Amino acid sequence: MNQRLPIILFDGVCNLCNAAINFILKRDKRKQFRYISLQSDEGVKLVKSYQIPEETDSVILILNETVYIESEAAIEIGRLLPWPWKWSSGFRIIPKKLRDGIYRWIARNRYRWFGKRNTCRFIQN
């Protein structure tokens, strides 16, 4: 698949996920990302095309044909943002198993803690 911009796949009904997308949009001055909800037709196609397990409960970054999930996706997204956010790559000193464990704990509880929208967010790229 020919890809020109990094793609962020996100849960379009999750309030926490939407807040994270708002955070990225505000700081992405170069407009380098494409944003696609996992629930959209295009999101479903990308998940199939990149053979991402459908049960993946994570933000997903597709960058240069490489798929990043969970804490690696968050760190890579931060690395692509301007200073000081690009320093997020320093979190790699924390063992991946621990980082992903914390990520999964938040992901499992995100609807209970932050709520859920009735409709899926659509972002015009």
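This is a predicted model, so every value here is computed, not measured.
Cluster membership check: Ile102 does not share its hydrophobic cluster with Val59, using side-chain heavy-atom separations under 4.5 Å among Ile, Leu, Val, Met, Phe, Trp and Tyr. Trp87 and Ile77 are assigned to two separate hydrophobic clusters, defined by single-linkage of ILVMFWY side chains at heavy-atom distances under 4.5 Å. Cluster membership check: Ile75 does not share its hydrophobic cluster with Trp85, using side-chain heavy-atom separations under 4.5 Å among Ile, Leu, Val, Met, Phe, Trp and Tyr. Linking Ile, Leu, Val, Met, Phe, Trp and Tyr residues whenever their side-chain heavy atoms come within less than 4.5 Å places Tyr50 and Leu38 in a single cluster. Hydrophobic clustering (side-chain heavy atoms under 4.5 Å, transitive across Ile, Leu, Val, Met, Phe, Trp, Tyr) groups Leu61 together with Phe23.
A heavy-atom distance below 4.5 Å is found between the side chains of Glu42 and Arg34. Between Tyr111 and Val13, some side-chain heavy-atom pair lies under the 4.5 Å cut-off. Looking only at side-chain heavy atoms (C-beta outward), Asn18 and Phe10 come within less than 4.5 Å of each other.
Between Arg79 and Glu76 a salt bridge is recorded (basic side-chain N to carboxylate O distance below 4.0 Å). In summary, Asp11 and Arg110 engage in a salt bridge, as defined by a charged side-chain N under 4.0 Å from a carboxylate O. Salt-bridge annotation for Lys48 and Glu54: absent, with no side-chain N of the basic residue lying under 4.0 Å from a carboxylate O of the acidic one.
Here the shortest heavy-atom pairing between Ile62 and Val67 reads CG1-CG2, 4.3 Å. Among all heavy-atom pairs drawn from Cys14 and Cys17, the shortest one is SG-SG, 2.9 Å. Closest heavy-atom contact between Asp100 and Ser71: OD1-OG, 2.5 Å. Leu9 and Gly43 make their closest contact through CD2-CA, 3.9 Å (heavy atoms, listed as atom of the first residue, atom of the second, distance).
Taking the six-membered ring where the residue is Trp, Tyr35 and Phe33 present tilted rings, their angle falling between 30° and 60°.
Take Lys86 and apply the side chain to side chain donor-acceptor pair (under 3.5 Å) test, not counting sequence neighbours, and it matches no residue. Evaluation of the side chain to side chain contact (heavy atoms under 4.5 Å, CB included) rule for Ser58 yields Thr56, Ile69, Glu70, Tyr103 as partners, not counting sequence neighbours.
Listed for the Gln32 side chain is no donor-acceptor partner under 3.5 Å among the backbone atoms of Leu5.
Under the side chain to side chain contact (heavy atoms under 4.5 Å, CB included) rule, Tyr68 has a single partner from Leu63, Ile60, Ile8, which is Leu63.
Counting only residues at least two apart or in different chains, salt bridge (Lys or Arg N to Asp or Glu O under 4.0 Å) contacts with residues 13-30 are absent.
Sparse packing is recorded around CH2 of Trp105, with 12 or fewer heavy atoms of other residues, nucleotides or ligands lying under 6.0 Å away.
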*Pair Leu16-Trp113, side chain to side chain contact (heavy atoms under 4.5 Å, CB included): steps then yes or no*: CA-CA 9 Å; Leu16 175 61; Trp113 294 343; over 6 Å; no
